[in-house]
Student: 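For reference, the structure I am asking about is given below.
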Amino acid sequence: MFMKMRKMRIFCLLLLVLGEAWSHVTPRPNFVLLMADDLGIGDPGCYGNKTLRTPNIDRLAGGGVKLTQHLAAAPLCTPSRAAFLTGRYPIRSGMAAQNQVGVFIFSASSGGLPPSEITFAKLLKSQGYTTALIGKWHLGTNCHNSSDFCHHPLSHGFDYFHGIPVTNLRDCKPGEGSVFTTAFRLLVFIPLQVLALALLTLAGLRWLGLFRVPPALIFSLLFLAALVLGLLLCFLHFFRPLNCFLMRNHDITQQPMSYDNLTQRLTADAVRFIQRWVPPSSPGRLGRVARSSGSHHGSFGRFEHSFFSLSGQILDVLDELKLANNTLIYFSSDQGAHVEEVTVKGELHGGSNGIYKGGKATNWEGGIRVPGILRWPGVIQAGLELDAPTSNMDLFPTVANLAGAPLPEDRIIDGRDLMPLLLGQSQRSDHEFLFHYCNFYLNAVRWHPRNSTSIWKAFFFTPKFSPEGANGCFATHVCFCHGHSITHHDPPLLFDISQDPRETDPLTPTSEPRFWEILEVMQQAAAHHTRTLQDVPDQLSPGNIIWKPWLQMCCSWSGLSCQCDREKEEGRGSH
């Protein structure tokens with residue numbers, strides 16, 4: 001899941017290559033896992049997009065299985081990636097925020113995926129696989145100092161990392177505006193207006209002789225105004241170099257990062273890694289996760305097309321090395337398209353969620369129903385389309401079982417092995433219930449009863465879209481999960497997704513005779529699930545997400561900022 005710039009939306013690979021394990025009895029598959037960032041289910045051509053060409057993704061779908069009800073475990077980047085890597089609901093690892101900010105924003109934050117969590121990269125490494133992640137991480141970096149790397153990919157089972165440790169905001173691209181506009185208004189502009197009004201009032205009272213204003217008071221108010229304005233200017237000057245940079249393993253290679261040919265550079269590195277670890281004469285193992293930014297039309301449509309074209313290079317390399325028939329490829333997105341993403345010019349650059357309601361940061365179908373494609377020639381039948389509910393958490397047990405790695409027994413794994421479903425050994429998913437969280441809060445429950453085609457979905461609360469009648473929270477750029485930003489529902493809002501995928505007609509006791517019975521079963525399932533949760537540290541607490549200067553990574557200080565560019569030099573060699 002890599003970049004997300006609006007006008008210049010970048011689609012970098014978060015490529016995770018797993019290589020070089022070989023069983024003496026039977027070969028275990030390679031794994032190539034590609035995950036896009038904010039890619040809506042309505043963006044790829046194979047899911048119905050008629051205006052954006054995605055031939056390589058369509059080629060992938062044509063040669064494998066297309067999941068039409070594939071669900072992100074969370075509608076935001078950080079918790080969704082944590083669930084994907086661990087096979088567990090993010091609330092179990094503390095990667096579900098109890099406050100409004102549900103993702104990491106600063107590189108110098110102390111929160112992150114706990115070292116105690118087991119990723120599928122760790123399991124595969126224990127089975128002799130070589131692992132790499134190329135692209136966006138967004139699961140934390142350091143804990144106590146700027147070089148302990150406790151949350152870094154290399155501490156979570158990856159042998160190689162090349163990409164961005166945090167995220168890619170429009171603030172990383174000069175001239176593209178800021179996602180902090182609302183924060184600026186609340187924390188800067190309103191206080192400055194209050195201070196200005198206070199100064200004018202005091203000046204007026206003094207001029208009229210109604211009040212003797214102490215000079216110290218005037219100077220104090222002026223100092224506060226200067227301090228607020230100075231902090232704003234410092235933030236605007238330092239945010240990009242301090243948070244928007246590229247790393248190779250533990251070293252910063254470009255700060256601030258350049259978007260020039262970024263997708264091509266990362267793709268080339270992925271190809272080099274595959275060629276290094278899997279030479280044509282020696283079949284090996286590889287796996288990879290790639291992420292891009294999902295987008296749709298407009299001036300960045302060509303960048304999205306560029307990403308899909310470059311992803312085809314990975315497929316071509318597998319063909320050239322004759323590894324395609326022994327490689328399981330997975331393609332998905334970390335959550336739905338960000339419908340509120342609007343450029344400073346007013347262009348909608350958030351992507352398409354097709355017919356589905358809502359988008360990123362919501363548990364309406366548009367926020368969590370994502371593309372899901374798996375291909376393994378000769379093993380998985382080509383051209384299949386499956387509508388059973390599946391989750392991105394399912395990749396953890398699927399990959400582990402195929403690699404011969406036993407699942408951890410000291411923790412709950414919420415994902416389910418997909419292979420029985422993909423091989424036709426089962427006609428339905430092992431998920432009878434799926435639980436949809438909005439950060440820390442249980443937002444909705446999905447129930448696919450045995451021996452039934454109905455798929456019930458009950459919402460305990462829903463976000464308040466703004467402006468009224470919109471399909472998102474445009475006033476705040478993203479929807480929030482508690483307080484005045486939501487509407488609670490008692491009884492819960494109930495839909496039959498199999499009949500109403502757009503979630504436009506909530507059921508009532510009149511329209512659904514089993515209304516109360518269905519809700520009772522779902523509420524009991526939610527209560528049982530809640531009892532399986534344990535208290536864990538909140539990795540996204542205010543104390544864990546704030547900027548901490550002693551955690552700040554900097555390649556070299558130049559002009560009161562961090563600047564370096566080692567990408568060109570290091571890119572000349574093979575890694």
Side-chain angles (χ1 to χ4, degrees), residues 68-75 89-92 96 98 336 353 355-359 361-369 386-391 393 412 414-416 426-465 468-469 471 473 479-533:
T68 60
Q69 197 175 168
H70 193 50
L71 305 163
Y89 288 110
I91 194 172
R92 298 194 190 278
Q98 299 181 39
N353 293 316
I355 67 170
Y356 302 107
K357 186 175 182 176
T362 81
N363 281 301
W364 295 110
E365 291 295 282
I368 54 176
R369 191 181 291 221
L386 300 176
D387 190 46
T390 57
S391 169
M393 296 184 294
I412 293 175
D414 298 296
R416 299 291 182 265
S426 174
Q427 300 305 309
R428 57 176 295 124
S429 165
D430 279 347
H431 291 291
E432 182 176 0
F433 295 96
L434 281 166
F435 303 96
H436 303 301
Y437 281 85
C438 187
N439 289 348
F440 179 81
Y441 307 96
L442 183 57
N443 187 182
V445 177
R446 184 183 304 254
W447 179 31
H448 187 192
R450 306 293 178 185
N451 303 316
S452 174
T453 58
S454 293
I455 298 175
W456 309 105
K457 186 178 178 184
F459 281 93
F460 302 116
F461 63 86
T462 51
K464 294 179 181 178
F465 284 170
E468 188 175 350
N471 188 41
C473 304
C479 293
F480 297 121
C481 302
H482 58 84
H484 298 296
S485 301
I486 63 172
T487 300
H488 289 277
H489 300 287
D490 187 13
L493 213 57
L494 181 65
F495 297 91
D496 182 355
I497 299 298
S498 66
Q499 300 297 318
D500 181 21
R502 291 177 171 84
E503 297 171 295
T504 56
D505 300 310
L507 300 171
T508 66
T510 302
S511 60
E512 174 49 60
R514 299 175 55 228
F515 181 86
W516 296 110
E517 177 187 345
I518 293 166
L519 286 180
E520 175 65 20
V521 172
M522 299 178 81
Q523 289 172 323
Q524 288 181 3
H528 178 268
H529 162 73
T530 302
R531 288 194 293 270
T532 70
L533 302 177

Student: Counting only heavy atoms not in F440, do more than 12 sit closer than 6.0 Å to its CZ atom?
Tutor: no
Student: Are the side chain of N353 and the backbone of G358 linked by a donor-acceptor contact shorter than 3.5 Å?
Tutor: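 Side chain of N353 to backbone of G358, a donor-acceptor pair under 3.5 Å: yes, one is there.
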Student: With disulfide (SG to SG under 2.5 Å) as the rule and sequence neighbours excluded, what pairs involving residues 432-462 come up?
Tutor: C438-C481
Student: What are the two closest non-hydrogen atoms of M522 and L494, and how far apart are they?
Tutor: SD-CD1, 4.0 Å
Student: For the residue pair Q69 and R446, establish whether any side-chain heavy-atom pair is separated by less than 4.5 Å.
Tutor: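 Q69 reaches R446 side chain to side chain.
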Student: Looking at CZ of F460 and CD of Q523, how far apart are the two atoms once the value is rounded to the nearest 0.5 Å?
Tutor: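 Answer for the CZ-CD pair, F460 versus Q523, is 5.5 Å.
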Student: Please give me the minimum heavy-atom distance between P389 and H448, naming the atom from each residue.
Tutor: CD-ND1, 3.6 Å
Student: To the nearest 0.5 Å, how far apart are NZ in K357 and OG1 in T362?
Tutor: 9.0 Å
Student: Which value, rounded to the nearest 0.5 Å, describes the distance between R369 atom CZ and I497 atom CD1?
Tutor: 6.5 Å
Student: Whether the side chain of E503 engages the backbone of F495 through a donor-acceptor N/O pair (distance < 3.5 Å, no angle test) should be reported.
Tutor: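 No; judged by distance alone, with no hydrogens or angles, the pair does not exist.
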Student: Which atoms form the tightest heavy-atom contact between K464 and I486, and what is the distance?
Tutor: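 Looks like CE-O, 3.1 Å.
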Student: Can you measure from CE (M393) to CG (L71) and round to the nearest 0.5 angstrom?
Tutor: 9.0 Å
Student: Grab the two heavy atoms, one from P501 and one from I355, that are nearest each other, plus how far apart they are.
Tutor: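 It is CG-CD1, 4.2 Å.
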Student: Would you say that more than 12 heavy atoms from the other residues, nucleotides or ligands in this model lie under 6.0 Å from the CZ of R502, or not?
Tutor: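 Counting other residues, nucleotides and ligands, CZ of R502 stays at 12 neighbours or fewer.
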Student: Between W456 and I518, what is the shortest heavy-atom contact and its length?
Tutor: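 Result for this residue pair: CZ2-CD1, 3.4 Å.
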Student: I'd like to know if the side chain of R416 and the backbone of D414 have a donor-acceptor N/O pair within less than 3.5 Å.
Tutor: yes
Student: Centroid-to-centroid, Y89 to H529, below 6.0 Å?
Tutor: yes
Student: Looking only at heavy atoms, what is the nearest atom pair of T390 and H431, with distance?
Tutor: CA-CD2, 4.4 Å
Student: Less than 4.5 Å apart, any side-chain heavy atom of L533 and any of R92?
Tutor: yes
Student: Mind checking the OH-CD1 spacing from Y441 to I91? Nearest 0.5 Å is all I need.
Tutor: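 So the gap between those two atoms works out to 9.5 Å.
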Student: Supply the atom-to-atom distance E520 CD to R514 CZ, rounded to the nearest 0.5 angstrom.
Tutor: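 Atom-to-atom, E520:CD and R514:CZ are 12.5 Å apart.
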